[in-house]
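The structure appears below as structure tokens.
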Amino acid sequence: LREEMELYELRQAIGISQENLAQQLDVKQPAIAKMERRSDLRIQSLRKLIEAMGGSLEIKAHFPQGDVTLTNYAEMQR
């Protein structure tokens, strides 16, 4: 996987169809297509999408002094 990818590229690289992802998230396929096109997804929605693809989401902020992982965006409470 490349370091920078759009959501649809990531899904394709992992080999998951929109239909399969929709089934895992209990939504219809057009909802996945819409999510992949959006640039302003909620963090919770993005996390669910990434987890359904088998990954985990980590939020980092980059500063001249160094990178910081924002821990209040760590795994959701279930």
Side-chain angles (χ1 to χ4, degrees):
L1 297 175
R2 294 190 326 266
E3 188 172 319
E4 292 186 15
M5 301 178 93
E6 294 200 19
L7 278 175
Y8 80 91
E9 293 174 312
L10 175 60
R11 178 186 49 75
Q12 290 174 341
I14 292 172
I16 299 174
S17 69
Q18 285 184 342
E19 292 81 8
N20 184 274
L21 199 52
Q23 287 176 345
Q24 290 184 51
L25 293 171
D26 197 27
V27 298
K28 301 215 182 288
Q29 177 273 328
I32 300 299
K34 184 176 180 180
M35 288 173 75
E36 289 181 344
R37 289 191 305 269
R38 293 189 64 152
S39 61
D40 64 344
L41 272 180
R42 291 178 179 255
I43 292 171
Q44 181 178 356
S45 298
L46 180 58
R47 180 179 312 288
K48 286 180 181 178
L49 191 60
I50 295 297
E51 288 177 353
M53 287 191 268
S56 61
L57 184 65
E58 177 179 277
I59 309 269
K60 282 193 175 195
H62 302 281
F63 295 94
Q65 302 90 330
D67 295 346
V68 175
T69 299
L70 301 174
T71 57
N72 56 315
Y73 296 106
E75 285 189 45
M76 290 188 322
Q77 300 297 322
R78 296 189 190 268

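- For Gln23, the side chain to side chain donor-acceptor pair (under 3.5 Å) test picks out no residue, with sequence neighbours left out.
- Expressed to the nearest 0.5 Å, how far CE of Met35 lies from CD of Gln18 amounts to 11.0 Å.
- Scored by the salt bridge (charged side-chain N to carboxylate O under 4.0 Å, His left out) test, Arg2 finds Glu9 as partners (sequence neighbours excluded).
- With sequence neighbours left out, the salt bridge (charged side-chain N to carboxylate O under 4.0 Å, His left out) criterion links Glu58 to Lys60.
- Leu46 and Tyr8 fall into different hydrophobic clusters, where Ile, Leu, Val, Met, Phe, Trp and Tyr side chains are chained together by heavy-atom contacts under 4.5 Å.
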Would you check, one step at a time, whether the test side chain to side chain contact (heavy atoms under 4.5 Å, CB included) holds for Leu10 with Glu6?
CA-CA 6 Å; Leu10 175 60; Glu6 294 200 19; over 6 Å; no
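- In this structure, the side chains of Leu7 and Ile50 come closer than 4.5 Å at one or more pairs of heavy atoms.
- With sequence neighbours excluded, the residues forming a side chain to side chain contact (heavy atoms under 4.5 Å, CB included) with Val27 are Ala22, Leu25, Ala31, Ile32, listed by chain and number.
- Listed by chain and residue number, nothing satisfies the side chain to side chain donor-acceptor pair (under 3.5 Å) test with Gln12 (two or more places apart in sequence, or in another chain).
- Counting heavy atoms from C-beta outward, Ile43 and Arg47 have side chains that approach closer than 4.5 Å.
- Under the 4.5 Å side-chain contact rule for hydrophobic residues, Leu57 and Leu70 share a cluster.
- Here the closest non-hydrogen pair linking Met53 and Leu21 is CG-CD1, 3.9 Å.
- Contact of the Ile59 side chain with the Asn72 side chain is not registered, since no non-hydrogen atoms from C-beta on lie closer than 4.5 Å.
- Sorted by first and then second residue, the pairs that involve residues 19-37 and meet salt bridge (Lys or Arg N to Asp or Glu O under 4.0 Å), not counting sequence neighbours, are Arg11-Glu36.
- Note that CG of Leu49 and CZ of Arg42 are 15.5 Å apart. Values are rounded to the nearest 0.5 Å.
- Distance check: Met5 CE to Leu1 CG gives 5.5 Å after rounding to the nearest 0.5 Å.
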